[in-house]
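This one's a predicted model, so the numbers in the text were calculated from it and none came from an experiment. Letters A, B, ... are given to chains in the order of the sequence lines, protein chains preceding strands, and every chain is numbered from 1.
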Amino acid sequence: MTACQLRNPSSSLPQGVAGAGLTAPRNLKRKEAARECRRKKKEYVKCLENRVAVLENQNKTLIEELRALKNVYRHKAE
DNA sequence: TTTCAGTTTCGTCAAGTCCC
DNA sequence: GGGACTTGACGAAACTGAAA
């Protein structure tokens, strides 16, 4: 038993047939809503990827800074 | 060039949430 | 409550790259 069958009792029908009673404008709205949802999701993922890149750069910079400071204090201690 | 497995894209359904 | 909207999940079709 697939998850789809659990959720959709009319799943023996090909997809699209079960909802054939829907009016065309309603179907159109669904299509557009799905497209918009996917567009937003892509945008969100891209945003997260950008953030990862920024944070990785920050991390590199901070590591470099820490290394430099350690050097300074090591020389002072000598 | 053909075949085929893996990936991406699309339309649809169902469930959840929000707002009136 | 009920209609409109959002989103995860599914199957089908289209696309892609590697192997034969």
Rounded to whole Å, how long is the line connecting atom NZ of K31(A) with atom P of dC10(B)? 12 Å
Short N/O separations, protein against nucleotides 2-6 of chain C, under 3.5 angstrom:
| unit_1 | atom_1 | unit_2 | atom_2 | d |
| --- | --- | --- | --- | --- |
| dC5(C) | OP2 | K29(A) | NZ | 3.0 |

For L48(A), give me all partners under side chain to side chain contact (heavy atoms under 4.5 Å, CB included), at least two apart in sequence or on another chain. Y44(A)
Distance, nearest 0.5 Å, that separates CG of N50(A) from NZ of K46(A): 8.0 Å
What residues in residues 42-50 of chain A put a non-hydrogen atom under 4.0 Å from any atom of DNA chain C? none
To the nearest Å, how far apart are L28(A) CG and dC13(B) P? 14 Å
By salt bridge (Lys or Arg N to Asp or Glu O under 4.0 Å), which residues pair with E32(A), not counting sequence neighbours? none
Test of understanding: with side chain to side chain donor-acceptor pair (under 3.5 Å), list the residues that count as partners of E43(A), not counting sequence neighbours. R39(A)
Which value, rounded to the nearest 0.5 Å, describes the distance between E36(A) atom CD and K40(A) atom NZ? 5.5 Å
I need the NZ-P distance between K41(A) and dC10(B), as an integer number of Å. 14 Å
Ignoring hydrogens and angles, are the base of dG11(B) and the side chain of R38(A) linked by a donor-acceptor pair under 3.5 Å? yes
In chain order, what residues pass the side chain to side chain contact (heavy atoms under 4.5 Å, CB included) check against R67(A), with sequence neighbours excluded? I63(A), E64(A)
To the nearest 0.5 Å, what is the distance between CG (L69(A)) and CG (L62(A))? 10.5 Å
